[in-house]
Participant: 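I have a structure here, written as structure tokens, and I will follow up with some questions on it.
Naming: A, B, ... by sequence-line order, numbering from 1 per chain. A quick note: this is a predicted structure, and the numbers were derived from the prediction, not measured. Quick note: numbers below take in every heavy atom, side chains included, and nothing from hydrogens, waters or symmetry partners.
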Amino acid sequence: MPSPYNLEVEYNCSECRVRAERLFCNMTVPTVGALDTVKFTGLYPKGSLLFVEGEEPRGVFILCSGRAKLTTSSTEGKTLIVKIAEPGEVLGASATILNKPYEVSAETIEPSQLNFIKREDFMKFLGGHPEACMHTAQQLSEKYHSAQREIRSLGLSQTTSEKLARLLLDWSVKSGETTTKGVRIKVLLTHEEIAQMIGTTRETVTRLLSDFKRRKMIDVKGSSLFITNKSGLENMVSV
Amino acid sequence: MTAQTGAGTFQNAMPFVADVLGPLERPSKIGAGDVLFREGEDPRGVYFVHDGRFDLVFSSRGGDAKPLRTADTGQILGLSCIVSNRPHDCSATAKSEATVGFIPKDEFQKVLDANPQLWMTVLQMISSDIGACWDCMRSLGKC
């Protein structure tokens, strides 16, 4: 029987084949066994809102497959994407641990499998398994360093084109595929969302991508973006 | 050096945290403008800011350096670098005279191994740091 959204679903963390590759999930069998008893597996279509900024923390979501955007809003209602979460990340952990409202919103940007753990269960799980605390701390530290990296880019980039060039280079390192045309990136975000990642407008992103294309630094075919002149983009980045 | 009380800081942690970590801290006075650690250095340990404020300074490849965040009394500097075993991703410079308690990396790791309850404080501190980063991004992104 086909699985919903064509996802390869893993209901049992103990039997997960990619567990060893994941920072949080790569724990010993007894600890993962304990995790299995408190988590609820869910499959979500693209565009599912997992939690909302300002909402009391209900618990954490472990992103098993798919991706999610973490966003924050100003009082004027402008949106900034602070992170694109990748498989293996634990979402909502900092708010859950501090028992403070979620500081960001999380929304899937592709069909995703997530394991949800209620706050009380997650805190008990951490309290009973120092190993889980250590893995959660490592996961949170990665999130912290990723945020610091974004701060560096937002605060030190001289121009918006530099920010966009750096974003494309980051994507090429994370998920780029080398082809004869250059490094291929599958772009799942709209121009509006790319603008929200670098703190600019949709119009500016569209204009800059056209400019990069005209200067033969990139090429775009549907949802695929090819970096055809990597050194050209690298020369634009000072951060 | 014993921990004081405060909100959302290591000083607000459970009393046993101060009991366990306090005796290990090497107190020192830091002069205004002094650098606690530099971007790119391997972390030597953790710094408990008991008094004062630090600029967290980020540098570009071109040599530009800007203070983009600050760390205040009650924060622990260098914690996430120790946990993830990464070099410092910014420099910390005292804005005014400051008092910090330093615990070397090996000792901190040993005390964590011996007192797993301390992990909860580590988690809370890193979670607070993430919140501070997102606040900073909101302001830098002109969000």
Side-chain angles (χ1 to χ4, degrees), chain A residues 23 53 70-83 93-100 103-104 123 126-158 162-163 196-200 237-239, chain B residues 7-9 12 39 43 56-70 76-91 109 112-143:
Chain A
L23 198 55
E53 183 178 359
L70 306 184
T71 61
T72 185
S73 306
S74 71
T75 45
E76 293 86 26
K78 282 189 185 173
T79 303
L80 182 72
I81 296 177
V82 296
K83 191 174 194 332
S94 52
T96 297
I97 287 164
L98 293 172
N99 198 20
K100 286 185 173 174
E103 289 171 309
V104 292
M123 297 311 286
L126 292 179
H129 300 86
E131 181 193 9
C133 286
M134 189 180 78
H135 284 252
T136 305
Q138 288 168 343
Q139 167 77 214
L140 288 172
S141 292
E142 288 303 317
K143 198 160 278 181
Y144 173 75
H145 289 291
S146 158
Q148 290 268 86
R149 192 169 150 72
E150 293 304 317
I151 286 170
R152 174 191 304 281
S153 172
L154 287 169
L156 293 181
S157 295
Q158 303 290 328
E162 182 183 346
K163 288 180 195 172
Q196 289 168 355
M197 287 200 78
I198 58 175
T200 188
V237 178
S238 68
V239 177
Chain B
T9 63
N12 197 36
E39 184 174 342
L56 302 182
V57 181
F58 294 72
S59 306
S60 71
R61 284 193 299 194
D64 290 339
K66 271 192 201 172
L68 297 176
R69 291 181 54 217
T70 54
I76 305 177
L77 293 172
L79 185 58
S80 63
C81 294
I82 296 289
V83 169
S84 58
N85 199 25
R86 278 170 175 262
H88 289 292
D89 48 15
C90 60
S91 303
Q109 281 168 339
L112 268 180
D113 290 342
N115 301 275
Q117 320 90 298
L118 285 176
W119 274 112
M120 199 51 79
T121 300
V122 170
L123 291 175
Q124 288 166 347
M125 295 306 302
I126 301 176
S127 295
S128 292
D129 287 343
I130 292 172
C133 283
W134 283 336
D135 280 344
C136 179
M137 285 170 75
R138 278 183 203 107
S139 116
L140 288 171
K142 297 188 174 50
C143 179

Participant: Report the residues that fulfil side-chain contact (heavy atoms from CB on, under 4.5 Å) with A:Ala132, sequence neighbours left out, ordered by chain and then residue number.
Facilitator: A:Met27, A:Thr31, A:Phe125, A:Leu126, A:His129
Participant: Which pairs with one or both residues in residues 117-134 of chain B pass salt bridge (charged side-chain N to carboxylate O under 4.0 Å, His left out), sequence neighbours excluded?
Facilitator: none
Participant: Give, as side chain, backbone, both or neither, the part of B:Val83 having an atom under 4.5 angstrom from any heavy atom of chain A.
Facilitator: both
Participant: At a heavy-atom distance under 4.5 Å, which candidate from B:Gly63, B:Ala65, B:Ser59 has the highest pair count against chain A?
Facilitator: B:Ser59
Participant: Answer with side chain, backbone, both or neither: which region of A:Met134 has an atom nearer than 4.5 Å to a non-hydrogen atom of chain B?
Facilitator: both
Participant: Select, from A:Glu150, A:Lys143, A:Glu142, the one with the greatest count of heavy-atom pairs under 4.5 Å involving chain B.
Facilitator: A:Glu142
Participant: Measuring from B:Leu68:CG to A:Leu156:CG, what's the distance to the nearest 0.5 Å?
Facilitator: 5.0 Å
Participant: When rounded to the nearest 0.5 angstrom, what distance separates NZ in A:Lys100 from CD in B:Gln124?
Facilitator: 9.5 Å
Participant: CG of B:Leu123 to CG of A:Leu140: how many Å apart, nearest 0.5 Å?
Facilitator: 6.0 Å
Participant: Tell me, side chain or backbone of A:Leu98 under 4.5 Å from chain B's heavy atoms, or both, or neither?
Facilitator: side chain
Participant: Taking every non-hydrogen pair under 4.5 Å, which of A:Gln139, A:Glu103, A:His145 racks up the most with chain B?
Facilitator: A:His145
Participant: Quick one: are A:Glu131 and B:Pro116 in side-chain contact, heavy atoms under 4.5 Å?
Facilitator: no
Participant: Are the side chain of A:Arg152 and the backbone of B:Asp89 linked by a donor-acceptor contact shorter than 3.5 Å?
Facilitator: yes
Participant: As an exercise: rank B:Arg69, B:Met120, B:Gln117 by heavy-atom pairs under 4.5 Å with chain A and give me the winner.
Facilitator: B:Arg69
Participant: Nearest 0.5 Å, what's the OG-CD1 distance between B:Ser139 and A:Ile151?
Facilitator: 9.0 Å
Participant: Looking only at non-hydrogen atoms, find the nearest pair between B:Cys90 and A:Gln148 and report the distance.
Facilitator: SG-NE2, 3.6 Å
Participant: First locate atom NZ of A:Lys83, then atom CE of B:Met137, and finally report the distance between them rounded to the nearest 0.5 Å.
Facilitator: 9.5 Å
Participant: Quick check for you: to the nearest 0.5 Å, what is the distance between A:Leu154 atom CG and B:Arg138 atom CZ?
Facilitator: 13.0 Å
Participant: A:Pro130, A:Ser157, A:Gly127: which one forms the most heavy-atom pairs within less than 4.5 Å of chain B?
Facilitator: A:Pro130
